[in-house]
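Computed from a prediction, not measured in an experiment: that's the story for all the values here. One-based numbering, in listed order, for ligands and for the atoms of each.
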Amino acid sequence: MSDDIRKRLSELRQALHRHNYFYYVLDEPEISDVEYDRLMQELIALETEHPEMVKPDSPTQRVGAPPLEKFETMAHTIPMLSLENAFGEEEVLAFDQRVRRFLKTDSPVLYTAEPKMDGVAVELVYENGRLVDASTRGDGYTGELITLNVRTIKTVPLAILEMVPERVPSRLEVRGEVFIPIEPFKQLNEERLDKGEPAFANPRNAAAGSLRQLDSTITAKRPLDIFCYGVGMATGLEFASHWEILQALKGLGFRVNPHIKPRARIEEILVYYRDLLDSRHEFPYEMDGIVIKVDDLGLQARLGEKSRSPRWAMAYKFPATQETTRVLKIDVQVGRTGALTPVAHLEPVSVGGVTVSRATLHNEDEIKKKGVRTGDTVLVQRAGDVIPEVVKVITAKRTGVEQPFRMPATCPVCGAKVIRLEQEAVSRCVNANCRAQIKERIKHFASKGAFDIDGLGDKLVGQLVDKGLVKSYADLFVLEKANIAGLERMGGKSAQNLMDAMERSKQTSLARFVYALGIRHVGEHIAQVLARRFKALNTLMSATADDLIAIDEIGPQVSESVIAFFDHRENRENISRILDAGVRIETEEAGAQEPLAGNTFVLTGALESTTRSQAKARIEALGGRVSPSVSRKTTYVVAGKDPGSKLDKAKQIGIKILDEKGLIECLEDPTAFSH
Ligand code: 5U1
């Protein structure tokens with residue numbers, strides 16, 4: 001009887017280890033969630049009945065254990081070295097030269113390079129295939145034992161995946177970086193701010209804080225993940241190269257980053273770096289650079305190490321995305337719906353090569369939660385094309401003269417009352433005719449995803465409104481060339497160009513039209529959903545709340561907002577006026593709004609006419625997906641200037657390749673490119 005139970009327990013544990021690996025590490029589950037749950041429930045039931053048979057490596061044992069008093073320490077069998085950093089190509093080329101000089105060779109040395117995760121280095125120790133210890137890097141020689149915490153990370157194998165018992169190494173030390181991906185990090189911070197706890201400055205701090213919990217049940221709730229990149233002691237295993245180590249780790253069930261550049265010359269490694277730098281914001285986790293390693297372990301041994309870092313490896317860092325600076329003042333900007341957004345004016349600071357002098361503070365609650373005051377020293381962040389934001393206050397730098405922010409009671413532009421509805425985080429100027437609101441509504445109307453009126457920029461809109469030539473977007477199409485030609489920095493030619501652009505914009509789609517109206521809570525995507533469902537403006541305008549709510553992606557908030565917008569007489573009049581001025585809405589087939597749905601794009605190399613983020617946004621607006629890596633599921637690889645290895649891979653597996661011109665054609669006529 002007890003043998004039967006033991007056998008069943010062992011089967012269940014093995015099966016669940018395997019399914020964990022497929023689910024968490026490979027992201028390719030072999031069985032349904034229901035089947036997985038059934039196996040797990042059976043294991044839990046058996047272990048509850050027979051607690052004496054529970055083993056620490058059981059898949060049920062990831063939930064954390066009773067709190068520790070303090071962390072014990074553990075000596076690393078082989079020191080965990082750190083890396084020397086390079087910040088520019090010259091330093092990387094100098095590293096390659098040093099390596100070759102040391103090895104006394106003129107031939108190229110091959111390097112394997114991999115993303116450098118911005119996380120916490122750990123060592124996992126397996127004895128006879130079971131995870132027995134996990135420790136931090138510490139000072140490189142001795143680290144803290146954080147086994148209970150590391151055991152809660154779903155992508156850390158509790159038992160290695162080796163089916164042949166004789167091949168299981170008696171001792172295997174695996175090194176890797178524990179991190180928290182970006183989205184779960186944001187969610188974690190929101191939850192903390194809501195509970196009045198301080199936000200983590202970045203995913204690395206969050207990962208470090210989570211691993212340093214004495215109570216592992218807290219760690220178990222943190223969305224930690226790992227990429228493994230090396231081994232310490234590995235009894236009985238022999239490797240000739242770093243690339244082989246990575247392959248072996250993968251084979252044993254460890255999570256290894258798939259974006260690795262194997263065995264390449266230093267020039268190709270530089271291209272790999274540029275490619276990763278350009279696409280880093282498409283990844284779901286933060287990287288702070290790449291690690292370049294001499295691939296051949298024989299050469300590594302000859303090169304040896306200096307006191308703290310190996311001579312055979314180097315970190316080539318990405319420019320920082322966070323810097324500290326001072327808040328000079330906080331003022332508010334009025335948006336198109338009257339929303340007042342507090343903006344921090346900063347002492348200019350270079351963040352990753354771009355000067356940042358302003359950062360959004362989102363709203364009053366956000367300022368309160370973060371505790372930002374005028375005069376504070378703050379951490380600011382700029383990631384990709386996203387508006388810079390204040391991450392947190394460095395309270396230790398406070399001197400006592402800092403001034404808390406107060407939302408003004410009246411609009412700073414028109415002086416009207418400012419109100420804040422109970423269930424809303426934002427304060428609003430109540431005056432729909434506020435000049436700031438009018439300008440923002442017109443800018444929105446003319447923006448790329450809406451009427452896309454080329455040449456109608458912020459300055460021009462400002463002048464048109466300030467001079468009283470335009471009071472709503474409906475006035476745009478009745479403007480005359482003479483009105484425009486009289487404005488600052490506008491000659492007859494520019495005025496004509498603008499008239500032509502306005503004329504061209506009159507032919508539009510229902511989705512663009514609806515988006516352009518600037519209905520609250522109706523962004524590009526919801527506008528597309530509405531256009532797809534109602535197909536004609538009249539049908540949408542007469543839709544009832546029930547019609548709207550019946551749509552999958554539309555909730556009561558959007559529904560109310562749409563109804564209220566079309567109920568408003570002035571809005572209906574404006575719509576009639578733009579239609580009378582010759583705006584034509586193309587009737588579209590169902591599905592035509594997302595012509596690139598089902599198509600996956602991979603961008604590589606620099607684009608000249610647009611930024612990668614803009615290209616990504618446009619592809620997504622047409623229903624396509626942008627992925628950071630090439631696979632058989634990729635539809636197109638877009639190769640810009642100096643494309644990286646993604647282009648080689650695309651050619652290898654026969655993926656279609658577009659150059660920049662091809663991409664633009666695709667965005668302009670997506671149906672011709674959809675597969
Ligand atoms: N991916 C990766 N990160 N990382 C960090 N590889 C890697 N190697 C390291 C470190 C500190 O060190 C060895 C080269 C010694």
Return the minimal non-hydrogen interatomic distance between A134 and L124, and the atom names on each side. CB-CD2, 4.1 Å
Under the ring-ring contact (aromatic ring centres under 6.0 Å, His included) test, which residues partner Y229, sequence neighbours left out? none
Hey, can you tell me if F318 and Y273 have their rings parallel, tilted or perpendicular (30° and 60° cut-offs)? tilted
Salt bridge or not for E84 and K306, using N-O below 4.0 Å? yes
In a simple table, one pair per line, please give the protein and ligand 1 atom names for every N or O pair closer than 3.5 Å, along with the distance.
from: ligand 1; atom 1: 1 (N); to: E114; atom 2: OE1; distance (Å): 3.0
from: ligand 1; atom 1: 1 (N); to: P115; atom 2: O; distance (Å): 3.4
from: ligand 1; atom 1: 6 (N); to: K293; atom 2: NZ; distance (Å): 2.8
from: ligand 1; atom 1: 8 (N); to: K293; atom 2: NZ; distance (Å): 3.3

Determine the interplanar angle of the F95 and Y111 rings, folded into 0 to 90°, and report it as parallel if under 30°, tilted if 30 to 60°, perpendicular if over 60°. tilted
Just do the salt bridge (charged side-chain N to carboxylate O under 4.0 Å, His left out) check on R100 and D106 with the steps written out, would you? CA-CA 7 Å; R100 285 191 289 144; D106 287 332; 5.6 Å; no
